[in-house]
Amino acid sequence: MLTSLGVGAALLAACAPDTADDGDIGEDVIRYRVATIEGIGTPMNDGFDRFVEEAETCSDGRLVGTNYPAGQLGGFVDLIDGNRNGTYEITSGGFDVEDQLSPTLAALSLGYVFEDEEHVERVIDGMLPQMAEELEASTGATILGMGEDGWRWTFSSTPIETIEDTQGLGIRVPEADIPLGLWNALGASPTPVPFTEMYNALETGVIEAGEGALAQIAANAFHEPAPYLNNTKHWFNIKPVRANAEWFNGLDDDLQACLRTTAEDVFADVRETSRQLEAETVAELEAEGVTVFEEPADLEVWKQRSATYDEVYFGEYPEAEEFINDVRSYAAGDQE
């Protein structure tokens, strides 16, 4: 039993579809909330705006959603927990947050799992049903589609060019065990800070660096207090679009199909758009005076250091090693 899901009648009421008879529509309208930390103007948030519109169209007006981006309804962990317990019907978030409930899926946030975007697409095509089944069984959330933040870049107040520049570096990481373990292995001094507090923490010197998707860095102006960027390529963040499973499974079959089809189509486009925009965003940031490093000069050393934490993690969760070996096997494109 998952403690975060709760029990009893209160949960059932929270997860039940919110319906309202809108008169001219022959069936009840089901209202839902999309609650995320996606930055306004990012491909992910633009995707959610489109998702809400297209889901209303394909449901003939029965599904009426409202998108609340940029942490308007809470921080990342609050929104993930709220989605699991039915407070928010739909959210988004990478698998790193599953370290307590599904160590297997959380292992996707270990260092250097993905080699390139083609590898990512092969894994989504070949392993998404397995990921969705595991997520629902372990957390009470189901996957509607797969978005992404892409490569997580490192941004800092002083240049990071080699592994030596990370030694003792005060870097903000997500509130999860794997990023802490990874950056400790890289020699940094990682500190969990809520996403919504990161700009202030950088500006006041509480932290010296952070890491995140390029679109999020630009949208939240993290490059202002931290004007050095390096595509350290430590983590390619695929980001499931999550629906509370009890809410979703309580919908009619046609509405479930509408949500899934819409999410699959919209967020496949989001992945493509995100990759197209990365080069444009780099150019825009350079024009603003940001110093950009395409990758660490000693990238192989980063990978070797990262692998030392993999060994620790797999020692604790051996089932995760088999899963990640499967994921990595798709890099060569030899899986069917």
Check your understanding: Where does the angle between the aromatic ring planes of F236 and F114 fall among parallel (under 30°), tilted (30 to 60°) and perpendicular (over 60°)?
Key -> perpendicular
Review point. Taking it one step at a time, do N67 and D49 satisfy side-chain hydrogen bond (donor to acceptor under 3.5 Å, both in side chains)?
Key: CA-CA 7 Å; N67 182 24; D49 284 340; 2.9 Å; yes
Check your understanding: What's the shortest heavy-atom distance between L202 and F155, and which atoms?
Key -> CD1-CE1, 3.6 Å
Practice item. Could you tell me whether R328 and E115 make a salt bridge, using a distance below 4.0 angstrom between a side-chain N and a carboxylate O? Key: no
Review point. Counting only heavy atoms not in E286, do more than 12 sit closer than 6.0 Å to its CD atom?
Key: yes
Review point. Going by an N to O cut-off under 4.0 Å, is there a salt bridge joining E300 and K303?
Key: yes
Exercise for review: For F267 and F48, run ring-ring contact (aromatic ring centres under 6.0 Å, His included): C-alpha distance rounded to whole Å, both residues' side-chain angles, the deciding distance at 0.1 Å, then the answer.
Suggested key: CA-CA 9 Å; F267 287 94; F48 276 118; 4.9 Å; yes
Pairs of donor and acceptor atoms involving the side chains of residues 256-266, under 3.5 Å and at least two apart or interchain, shall be tabulated with distances.
from: Q256; atom 1: NE2; to: F248; atom 2: O; distance (Å): 3.2
from: Q256; atom 1: NE2; to: N249; atom 2: O; distance (Å): 3.4
from: Q256; atom 1: NE2; to: L251; atom 2: O; distance (Å): 3.0
from: R260; atom 1: NH1; to: I143; atom 2: O; distance (Å): 2.5
from: R260; atom 1: NH2; to: T142; atom 2: OG1; distance (Å): 3.3
from: T261; atom 1: OG1; to: A257; atom 2: O; distance (Å): 2.9
from: T262; atom 1: OG1; to: C258; atom 2: O; distance (Å): 2.7

Point to revise | Centroid-centroid distance, F76 to F195, less than 6.0 Å | key: no
Check your understanding: If Ile, Leu, Val, Met, Phe, Trp and Tyr residues are connected whenever their side-chain heavy atoms lie under 4.5 Å apart, and connections chain through other members, are I124 and F323 in the same group?
Key -> yes
**Study point:** side-chain hydrogen bond (donor to acceptor under 3.5 Å, both in side chains) evaluation trace for E161 with Y228
**Key:** CA-CA 10 Å; E161 299 183 68; Y228 297 93; over 6 Å; no
**Study point:** Considering all heavy atoms, the nearest Y199-P225 contact
**Key:** CE1-CD, 3.6 Å
Check your understanding: Hey, does T291 have a side-chain heavy atom less than 4.5 Å from the side chain of P227?
Key -> no
For residues 272-284, tabulate all N or O donor-acceptor pairs below 3.5 Å that involve a side-chain atom, not counting sequence neighbours.
from: E272; atom 1: OE2; to: Q276; atom 2: NE2; distance (Å): 3.4
from: T273; atom 1: OG1; to: D269; atom 2: O; distance (Å): 2.9
from: R275; atom 1: NE; to: E148; atom 2: OE1; distance (Å): 3.4
from: R275; atom 1: NE; to: E148; atom 2: OE2; distance (Å): 3.0
from: R275; atom 1: NH1; to: E121; atom 2: OE2; distance (Å): 3.3
from: R275; atom 1: NH2; to: E121; atom 2: OE2; distance (Å): 2.8
from: R275; atom 1: NH2; to: E148; atom 2: OE1; distance (Å): 2.6
from: T281; atom 1: OG1; to: L277; atom 2: O; distance (Å): 2.9

Exercise for review: Write down the atom of N231, the atom of P296, and the distance for their closest heavy-atom approach.
Suggested key: O-CD, 3.8 Å
Practice item. Ignoring hydrogens and angles, tell me if any N or O in the side chain of D165 forms a donor-acceptor pair with the backbone of T162 under 3.5 Å. Key: yes
Exercise for review: Return the minimal non-hydrogen interatomic distance between W153 and I217, and the atom names on each side.
Suggested key: CB-CD1, 4.0 Å
Point to revise | Note, E321 side chain near N325 side chain (heavy atom, < 4.5 Å) | key: yes
Check your understanding: CG/L63 to CG/D252 distance, rounded to the nearest 0.5 angstrom?
Key -> 9.5 Å
Study note, to complete from the structure: For M198 and G210, the nearest pair of non-hydrogen atoms, with its separation, is SD-CA, 4.5 Å
Exercise for review: Would you give the length of the straight line joining atom CH2 of W235 to atom CD of E211, rounded to the nearest 0.5 angstrom?
Suggested key: 6.0 Å
Check your understanding: Is the closest side-chain heavy-atom distance between I37 and T91 below 4.5 Å?
Key -> no
**Study point:** More than 12 heavy atoms from other groups under 6.0 Å of CD on E288
**Key:** yes
Check your understanding: Between H234 and W151, is a ring-ring contact (aromatic ring centres under 6.0 Å, His included) present by the stated rule, with each step listed?
Key -> CA-CA 8 Å; H234 58 284; W151 295 114; 8.8 Å; no
Check your understanding: Are any non-hydrogen side-chain atoms of L110 and V113 less than 4.5 angstrom apart?
Key -> yes
Check your understanding: Is it the case that more than 12 heavy atoms not belonging to E294 sit under 6.0 Å from its CD atom?
Key -> no
Exercise for review: Compare all side-chain heavy atoms of E208 with those of I171 and state whether any distance is below 4.5 angstrom.
Suggested key: no
Check your understanding: Is E98 salt-bridged to R242, going by a charged N under 4.0 Å from an acidic O?
Key -> yes
Review point. Taking all atoms of both residues into account, what is the closest heavy-atom pair of P174 and D96, and its distance?
Key: CB-OD2, 3.6 Å
Practice item. Give the C-alpha distance, both sets of side-chain angles, the deciding distance and a yes or no for side chain to side chain contact (heavy atoms under 4.5 Å, CB included) between V97 and F95. Key: CA-CA 5 Å; V97 75; F95 290 114; over 6 Å; no
Review point. In terms of hydrophobic clustering (I, L, V, M, F, W, Y; side-chain heavy atoms under 4.5 Å; direct or indirect links), are F293 and F222 co-clustered?
Key: no
Check your understanding: Do we see a donor-acceptor contact under 3.5 Å between the side chains of S102 and E134?
Key -> yes
Exercise for review: Please determine if R84 and D81 form a salt bridge, counting it only when a charged side-chain N lies under 4.0 Å from a carboxylate O.
Suggested key: yes
Practice item. Please lay out, stage by stage, how T42 and Q216 fare under the test side chain to side chain contact (heavy atoms under 4.5 Å, CB included). Key: CA-CA 7 Å; T42 62; Q216 291 279 22; 4.3 Å; yes
Review point. Between the side chain of T139 and the main-chain N/O of E136, is any donor-acceptor distance below 3.5 Å?
Key: no
Study note, to complete from the structure: To the nearest 0.5 Å, atom CG of L186 lies from atom CD of Q304 at 11.5 Å
Review point. Using the ring of each side chain (for Trp, its six-membered ring), is Y313 parallel, tilted or perpendicular to Y309, with breaks at 30° and 60°?
Key: tilted
**Study point:** Flag, side chain of H223 to backbone of S156, donor-acceptor distance under 3.5 Å
**Key:** no
Review point. Can you check whether M146's main-chain N or O pairs, donor with acceptor, with R271's side chain at less than 3.5 Å?
Key: yes
Practice item. Answer with yes or no whether the side chains of E38 and S92 bring together a donor and an acceptor at under 3.5 Å. Key: yes
Check your understanding: Side chains of T87 and N85: is there a donor and an acceptor less than 3.5 Å apart?
Key -> yes
Point to revise | Exam field: side chain N83 to backbone E89, donor-acceptor pair closer than 3.5 Å | key: yes
Check your understanding: Is the closest side-chain heavy-atom distance between I90 and V241 below 4.5 Å?
Key -> yes
Exercise for review: Output yes when a side-chain donor or acceptor of N230 lies under 3.5 Å from a complementary backbone atom of T154, and no otherwise.
Suggested key: no
